[in-house]
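Everything numeric here is computed off the predicted structure, so don't read it as measured data. We count residues from 1, following the sequence as given.
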Amino acid sequence: VFMSSILSKKIAKGDVGAYKELYNASKSKVFYINYLLLCDEAAAYESTKVTFKSAFAELSQNPEKADGFFDFIEKKTVTYCKIKLAKNNSKEFSIPASKNFMGFECNEKTLNANARAELAVLFGMPALHRFIFVCGAYLKWTNEEIAQIIHTDAKTVALARDAEEANVA
């Protein structure tokens, strides 16, 4: 906390080194989150740039956000990816009828043959399932945090997470 307070003071003064420190400490994770959610390396690079540009603009206005920067940049990254995907297909994040999250089509058309084995299934998931899985399993978010991003309630997210093991298998 002491170190973060120093960092937020440096940000408030416009210290470029403080921004670089935050960037260098989080760029790999931010890129990887983008990659997992967008399933495309080029889109992940572009999204990483946009996310940091937006985060740093907001940080310059509210330097105290440097104290919780890693949580802040994670949420900003996931939100940007959601907006980007929903822009192309507004139904990507529609909750299934009767909130049944069991099963999704997984075949040669939906699997990315070029992806590493552990990512092929993830990349074959519908966006809603992928976001819930990544936010829960990789980012360790609570059901409430996930629900806030996808505009639903924690109970619905819990149903989706309960179906994850069977779906991934």
Side-chain angles (χ1 to χ4, degrees), residues 1 4 22 25-41 43-48 50-52 54-55 58-59 62 64-169:
V1 175
S4 298
L22 287 174
S26 58
K27 69 181 175 186
S28 296
K29 186 171 185 178
V30 169
F31 170 78
Y32 197 61
I33 294 167
N34 278 302
Y35 181 58
L36 293 177
L37 296 177
L38 299 175
C39 307
D40 180 281
E41 196 171 327
Y45 279 116
E46 183 60 32
S47 186
T48 299
V50 170
T51 302
F52 274 107
S54 171
E58 197 170 326
L59 200 57
N62 302 305
E64 69 280 354
K65 289 190 177 192
D67 293 339
F69 184 76
F70 299 107
D71 291 335
F72 168 69
I73 194 76
E74 274 182 8
K75 286 192 174 44
K76 193 162 241 354
T77 301
V78 173
T79 301
Y80 180 77
C81 289
K82 181 183 175 279
I83 291 167
K84 187 174 177 84
L85 289 175
K87 193 179 211 179
N88 293 331
N89 181 356
S90 61
K91 297 186 189 272
E92 287 277 14
F93 294 94
S94 297
I95 304 295
S98 73
K99 297 184 181 178
N100 180 3
F101 289 91
M102 290 302 294
F104 51 82
E105 189 174 326
C106 191
N107 56 39
E108 289 176 13
K109 282 194 289 187
T110 60
L111 285 179
N112 181 345
N114 297 325
R116 296 190 325 247
E118 65 272 17
L119 295 178
V121 172
L122 179 68
F123 289 178
M125 289 179 175
L128 177 65
H129 291 260
R130 187 172 57 249
F131 271 65
I132 292 171
F133 183 80
V134 169
C135 290
Y138 180 64
L139 299 177
K140 307 293 185 212
W141 287 7
T142 65
N143 290 350
E144 290 78 14
E145 290 173 306
I146 298 168
Q148 191 174 26
I149 292 284
I150 60 172
H151 304 293
T152 190
D153 56 55
K155 188 175 180 181
T156 301
V157 172
L159 290 171
R161 293 185 76 186
D162 287 344
E164 276 176 3
E165 188 176 337
N167 285 338
V168 171

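- No side-chain heavy atom of Tyr80 sits less than 4.5 Å from a side-chain heavy atom of Lys76.
- Side-chain contact between Leu139 and Val78 is present, with at least one heavy-atom pair separated by less than 4.5 Å.
- Shown here for Leu36 and Arg130, the closest heavy-atom pair between the two residues is O-CD, 3.1 Å.
- What you find for Phe93 and Leu85 is that their closest heavy atoms are CE1-CB, 4.1 Å.
- Considering every non-hydrogen atom in both Cys135 and Ile146, the closest pair reads CB-CG1, 3.6 Å.
- Ser26 places a side-chain N or O within 3.5 Å of a backbone atom of Leu22 that can act as its donor or acceptor partner.
- A distance-only check finds no donor-acceptor pair linking the side chain of Glu92 to the backbone of Asn89 [under 3.5 Å].
- From Leu59, atom CG reaches atom CZ of Phe72 across 6.5 Å, with rounding to the nearest 0.5 Å.
- For Asn62 (side chain) and Lys65 (main-chain N/O), no donor-acceptor pair under 3.5 Å exists by modelled atom type.
- Scanning all heavy atoms of the two residues, the minimum distance from Ile73 to Ala55 falls at CD1-CB, 3.4 Å.
- Smallest separation of non-hydrogen atoms from Ala160 and Ile132: CB-CD1, 3.6 Å.
- Once rounded to the nearest 0.5 Å, the distance linking CG of Leu38 with OH of Tyr45 reads 13.5 Å.
- In this structure, NZ on Lys82 lies 8.0 Å from CZ on Phe131, to the nearest 0.5 angstrom.
- Annotation: side chain of Val30 is not in contact with side chain of Lys27 (no heavy-atom distance under 4.5 Å).
- The shortest non-hydrogen separation linking Asn34 to Cys81 is OD1-SG, 2.9 Å.
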**OP:** Could you give me the CA-CA distance, side-chain angles and deciding distance for Tyr35 and Phe123, then say whether ring pair (Phe, Tyr, Trp, His ring centres under 6.0 Å) is met?
**Re:** CA-CA 10 Å; Tyr35 181 58; Phe123 289 178; 5.2 Å; yes
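- When the shell of 6.0 Å around CD of Gln148 is examined, it contains 12 or fewer heavy atoms from other residues, nucleotides or ligands.
- Between the CD atom in Glu145 and the CG atom in Asp71 there is a gap of 7.5 Å [rounded to 0.5 Å].
- Applying the salt bridge (charged side-chain N to carboxylate O under 4.0 Å, His left out) rule to Lys29 yields the partners Glu74; only residues at least two apart in sequence or on another chain are considered.
- Residues satisfying the side-chain contact (heavy atoms from CB on, under 4.5 Å) test with Ala154, not counting sequence neighbours, are Asn143, Glu144.
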